[in-house]
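First up is the structure itself, then whatever we jot down about it.
Worth saying up front: this structure is predicted, and the values here are computed from it rather than measured. Just the heavy atoms: all of them, side chains too, but no hydrogens, waters or symmetry mates, feed the values below.
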Amino acid sequence: QVQLVESGGGVVQSGGSLRLSCAASGFALYAYSVGWFRQAPGKEPEGVSCISFNDGSTSYADSVKGRFTISRDNAKNTAYLQMNGLKPEDTAVYYCATTCTYYQTRRPYDFWGQGTQVTVSS
């Protein structure tokens with residue numbers, strides 16, 4: 001079964017850290033760029049970070065630059081998002097996907113996870 005499964009979300013105090021995992025099954029994640037997105041209640045989805053499939057280059061939204069780090073372990077078929085210095089405004093459902101661009105209508109050949117909730121208390 002082809003799927004992406006996120007894990008690692010939870011409730012953390014402001015200033016704390018979490019590491020999200022994005023585990024792929026049924027396909028080779030290393031062949032894809034991986035994007036992390038988030039959506040807070042009442043807000044549009046936001047691209048958080050991306051790691052490319054070819055050279056491993058990374059990019060970050062300005063709002064998380066210097067605090068979040070994206071990485072991947074091809075041997076484990078998993079991507080990660082290390083989140084440090086968390087702020088209440090980071091509270092959202094976080095999704096990983098095999099795309100670094102958010103499309104209003106998801107492309108049929110992109111894989112998306114089901115999301116994991118991150119809640120940062122002040």
Y32 and its side-chain contact (heavy atoms from CB on, under 4.5 Å) partner, picked from T98, D110, T99: T98
Any donor-acceptor N/O pair, Y94 side chain to E6 backbone, under 3.5 Å: no
Determine, using ring centers only, whether W36 and F68 are less than 6.0 Å apart. no
Side-chain H-bond candidate by donor/acceptor type, S33 with S52, under 3.5 Å: no
With under 30° as parallel and over 60° as perpendicular, where do the rings of F27 and F111 fit, or are they tilted in between? tilted
Taking all atoms of both residues into account, what is the closest heavy-atom pair of L4 and A24, and its distance? CD2-CB, 3.6 Å
Could you walk me through whether R38 and V93 satisfy the side-chain contact (heavy atoms from CB on, under 4.5 Å) test, starting with their C-alpha distance in whole Å, then the side-chain angles of each, then the deciding distance to 0.1 Å, before giving a yes or no? CA-CA 5 Å; R38 66 186 182 186; V93 178; over 6 Å; no
Are Y60 and L18 connected, step by step, through hydrophobic side chains (Ile, Leu, Val, Met, Phe, Trp, Tyr) whose heavy atoms are closer than 4.5 Å? yes
Going through the distances and angles, do T69 and L81 end up as a side-chain contact (heavy atoms from CB on, under 4.5 Å)? CA-CA 6 Å; T69 303; L81 186 68; over 6 Å; no
Could you go through the side chain to side chain donor-acceptor pair (under 3.5 Å) check for T78 and D73 one step at a time? CA-CA 5 Å; T78 300; D73 185 334; over 6 Å; no
Between D90 and R67, is a side-chain contact (heavy atoms from CB on, under 4.5 Å) present by the stated rule, with each step listed? CA-CA 11 Å; D90 294 319; R67 300 187 297 123; 2.7 Å; yes
Does the side chain of W112 reach to within under 4.5 Å of the side chain of R106, using non-hydrogen atoms? yes
Between N77 (side chain) and L29 (backbone), is there a donor-acceptor pair under 3.5 Å? yes
Under 4.5 Å between side-chain heavy atoms, hopping through other hydrophobics if needed: is there a path connecting Y103 to Y95? no
Shortest non-hydrogen contact between P45 and Q39, atoms and distance: CD-NE2, 3.6 Å
Is there a path of hydrophobic side-chain contacts, each under 4.5 Å between heavy atoms of I, L, V, M, F, W or Y residues, that connects Y30 with I51? no
Apply side-chain contact (heavy atoms from CB on, under 4.5 Å) to the pair S25 and Q1, showing each step before the final yes or no. CA-CA 7 Å; S25 59; Q1 185 178 2; 5.6 Å; no
Look only at the side chain of T91 and the backbone of V120, and say whether a donor-acceptor pair between them is shorter than 3.5 Å. yes
Any donor-acceptor pair under 3.5 Å linking the side chain of T116 with the backbone of G9? yes
Take atom OH of Y102 as the centre, draw a 6.0 Å sphere, and report whether it contains more than 12 heavy atoms from other residues, nucleotides or ligands. yes
Please identify each residue that fulfils salt bridge (Lys or Arg N to Asp or Glu O under 4.0 Å) with K65, with sequence neighbours left out. D62
Which of these, E46, K87, E89, sits in a side chain to side chain donor-acceptor pair (under 3.5 Å) with S63? E46
State yes or no: do V34 and F37 share one hydrophobic cluster built from I, L, V, M, F, W and Y residues joined by side-chain heavy-atom distances below 4.5 Å, directly or via other members? no
For S14 and P88, the nearest pair of non-hydrogen atoms, with its separation, is OG-CD, 3.8 Å
Rounded to the nearest 0.5 Å, how far apart are OG of S71 and CD of Q82? 8.0 Å
Testing the basics here: between G47 and A61, what is the closest heavy-atom pair and its distance to 0.1 Å? O-CB, 3.4 Å
